[in-house]
Asks: 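One structure coming up, written as C-alpha cells, with questions to follow.
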There are 2 protein chains.
Amino acid sequence: MSRTPAGVSRQTVTRAVNDMPGINPGTRERVLAAARELNYHPSRFGRGLVKPSARTLGLVVGDLTNPYYADLAATVLRLAAERGWNVVMAEPGSVADLVGAADAVVGFTGLALEPPGAGAPNLPVVEIDPPRVHPGHGRIEFERLTATRDAVRHLLERGTRRPVVLDAASRSSRGRTFLEAFGEAGVDAVVVDRDTPWADLAELSPDALVAFNDLEGFRLLRELRAHGVDVPGDVRVVGVDGLAVGDFVTPRLSTLAIDLAEVGRAALDLVAELSEGPGRNLTRVVPHRFVVRDST
Amino acid sequence: MSRTPAGVSRQTVTRAVNDMPGINPGTRERVLAAARELNYHPSRFGRGLVKPSARTLGLVVGDLTNPYYADLAATVLRLAAERGWNVVMAEPGSVADLVGAADAVVGFTGLALEPPGAGAPNLPVVEIDPPRVHPGHGRIEFERLTATRDAVRHLLERGTRRPVVLDAASRSSRGRTFLEAFGEAGVDAVVVDRDTPWADLAELSPDALVAFNDLEGFRLLRELRAHGVDVPGDVRVVGVDGLAVGDFVTPRLSTLAIDLAEVGRAALDLVAELSEGPGRNLTRVVPHRFVVRDST
DNA sequence: CTGAAAGCGCTTACAG
DNA sequence: CTGAAAGCGCTTACAG
C-alpha cells in the first residue's frame, strides 16, 4: 500500500530514478516530474547501504595554495582514481569532520590527531612526516639527513662560511637536520625565524640562507633582488620541497626535493595494507635529494 | 538474542565504539579489543542513515598541479568548511564516480557532463565557465571581453602590430575573445596551437604573444630568454588566469586575471540556492581584469 | 549496565 | 509493468 507522492510504490521510483528497464515510459515521466517538483534526491546513505560503492579516502593537506600540497594532492587523486577510491579533502584543522566521511585517512594529520580519539577503533590512518608516532597508524617518514649533508657540502664548497637557517618558531625537523649537518662540518649556523625579512638578515651578514621552504625561498630571492644583492654571488639560497616552479624563478632555486609521487604511492600502499588488517611494517621511508640549480 | 562476535548486543558495540556513557569499562575494553582484532570499522552508510551528518560537495577541477585549479580548490575547501560541508574531489574524467559520493557538484564539469544523465533528477550542479548551457544547472560565467579589450588596447599602445594568439585546437572562448578584440581594433591576429614552440613562432615574427594560460606564458618566457629575445622589448607576452606565481617569474607576467575567491563564493551560493529547490536566476557572472606587470 | 524493537532510505529478489 | 516483503548496518528510544 505505502505510496510515494507520485502515487506509485518505492520500487517504481527506484526504477524511474535509476533509469532501469521494466517500467512504463509514461510512469517514468510522471515519477521524474514529481521528483523534480519536490526537489527529490536519493539518499547516498540508503543507497550505499545496499549497493556496493566506491570507498572514500580522506586526504589531509595544508593550504592548496602551496604547490607542495597541491602536487601531493594531485598525485594522490590520480592514484586513488586508479584504484577506484573517491577522495574527500580537508585541512588539518578539520580532520574531525572528515572522519565520518572517509573509510581511511592519509596526510599531514600532524598535531591534529591528538588525542588519538580515546583509543576507539578508528579508520586506517597513514600519516606523512608526522611529528610523533601514533601506534597503529601507518607512517611515511622523510629521510632528510643524507640530502641535507649533500646540500651542506655543496654550500661549503662554494665558499659558505656564515650560513643562516630560517626555521619555524617550533623548530622543525628540517631545521634541526641542517644544524646537525653544518655542525658535523664544523660550521656554526645561526637560526632565525622563518619569515625574517632581509633587512634583519643582513645584519648577520650571511653568505647562505636556508629557507624554510621553497615558497619562502622565492620570497627571499625577490627581496634580495630588490636590495641589489647578487645570488648566488653574494648570498646563496636553498629552499626545501622541490617545487617544480622553482625552475621558473630567477635565479632557479636550488632545493631539498622530495618525490611526492613516491610519497603518494607509499601512502596508498600502506592504506591498502592497513585495510587488510593490522599490518606488520607500518612505516615507509622516502628520501629527499638535493637538487642543484642556480641559486647556489 | 542476536549476538555480535564480541558476545554482546549491537547496541553495546555502538556504545563502546562511539565512546558513549552507560557502559561498563570492562565491557567496553572487551568490545574494542574484539573490534581491533576483527578490523571492524562502522559503516558510514549505516551511520549516515540514522545520524544527521555533514553534506558533501563534489568539486571537479583539472590537474591540481596547475595553480589555477589548486587556488580555486583552496578557496572552495575553505568556504565549504565554513558552511560545514565536506568536499570530494575528482578530475573531469571521473565525474561519474563522484556523483554517488556527493550531495551537489561544482566545478569544471565541462564536456564530462554530456549526455545530461538521461534527464534523471540528479544532484544540484553548478558549472564554472561551461562550454554550453545545461538546463537546470547553475552556471558561473566569465566575462572576458572587457578585460580583453583592456589588454588589447594596452598591447597596441605599446606598439604591437603582429600579435599571435596561442589557443587550444578546439578554439577556446578566451581565444575567440582575443580575436574579437583585436578585430575591433582593426588588427589581424594569427592563431596557432597553444603549445607551439618559439622556434616555430619566430617564423611569424610576432611582437606580442597571448599565451593559452599563465603556465604556458611561463613556458614562453623561459624559451624567449633561452633564445635571447627581450621581453617586453622585442616581444610582449600576456598570460591568462592571474596566477599569484606570475609575480615571481622574470619578467613578471602580465595577465588576464580572475578572482577565484569570488568564483568560489558565487558557486557555493548557487549550490545553496539550488539545494533549496529549482531557482530562478541560475547564473552568476564574474569578470576578468587585466593585470599589467612587466612582460608587456 | 545491557538488550529487544523499531526505523533511517534505499535496492534486490520475488509475486502477481 | 507494478508492488509487498526482506534486509543492508547503524542508532535511538524504551524495557529490564
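What you see is a predicted model; the values in this text were computed from it and never measured. Letters go in sequence order (proteins before strands), and every chain restarts at 1.
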Asks: Figure out the NE2/P separation between A/His41 and C/dC10, and round it to whole Å.
Replies: 12 Å

Asks: Is B/Lys51 close enough to D/dC10 that one of its side-chain N or O atoms is under 4.0 Å from OP1 or OP2 there?
Replies: no

Asks: Without decimals, in angstroms, what is the distance between B/Arg10 CZ and C/dC8 P?
Replies: 17 Å

Asks: Within the structure, does a side-chain N or O atom of A/Ser9 lie under 4.0 Å from either OP1 or OP2 of D/dG3?
Replies: yes

Asks: Name the residue closer to the 5' end of DNA chain C, choosing between B/Gly46 and B/Pro25 according to the nucleotide with the nearest heavy atom.
Replies: B/Pro25

Asks: Base, sugar-phosphate, or nothing: which does A/Thr12 touch, judged by heavy atoms less than 4.0 Å apart?
Replies: sugar-phosphate

Asks: If you compare all heavy atoms of B/Pro21 against all heavy atoms of B/Arg15, which two are closest, and at what distance to 0.1 Å?
Replies: O-CD, 4.4 Å

Asks: Which nucleotide wins on minimum distance to the side chain of A/Val50, given the candidates D/dT11, C/dT11, D/dG9?
Replies: C/dT11

Asks: Which part of the nucleic acid, if any, lies within reach of B/Thr14 when heavy atoms closer than 4.0 Å are counted: base, sugar-phosphate only, or nothing?
Replies: base

Asks: Specify the separation, in whole Å, of atom CZ of A/Phe45 and atom C1' of C/dG9.
Replies: 11 Å

Asks: Cation-pi between A/Arg174 and A/Phe212: NZ/CZ under 6.0 Å from ring centre and within 45° of the ring axis?
Replies: yes

Asks: Should C/dG16 form a Watson-Crick or G-U wobble pair with both distances under 3.5 Å, which nucleotide is its partner?
Replies: D/dC1

Asks: Mark yes when over 12 heavy atoms from residues, nucleotides or ligands other than A/Arg194 sit less than 6.0 Å from its CZ; otherwise mark no.
Replies: yes

Asks: Given B/Val105, which partner from the list B/Val271, B/Val60, B/Val126 fulfils the side chain to side chain contact (heavy atoms under 4.5 Å, CB included) test?
Replies: B/Val60

Asks: Below 4.0 angstrom, N of the basic side chain to O of the carboxylate: do A/Arg265 and A/Asp259 qualify?
Replies: no

Asks: What is the distance from CG of B/Asn18 to P of D/dG9, rounded to the nearest Å?
Replies: 17 Å

Asks: Let me know the distance between CG of B/Leu49 and P of C/dC10, rounded to the nearest Å.
Replies: 8 Å

Asks: How many Å lie between CZ on A/Arg47 and C1' on D/dC10, as a whole number?
Replies: 19 Å

Asks: What is the distance from CE of B/Met20 to C1' of C/dC1, rounded to the nearest Å?
Replies: 14 Å

Asks: If I take atom CZ in residue A/Arg15 and atom P in nucleotide C/dG9, what distance separates them, rounded to the nearest angstrom?
Replies: 20 Å

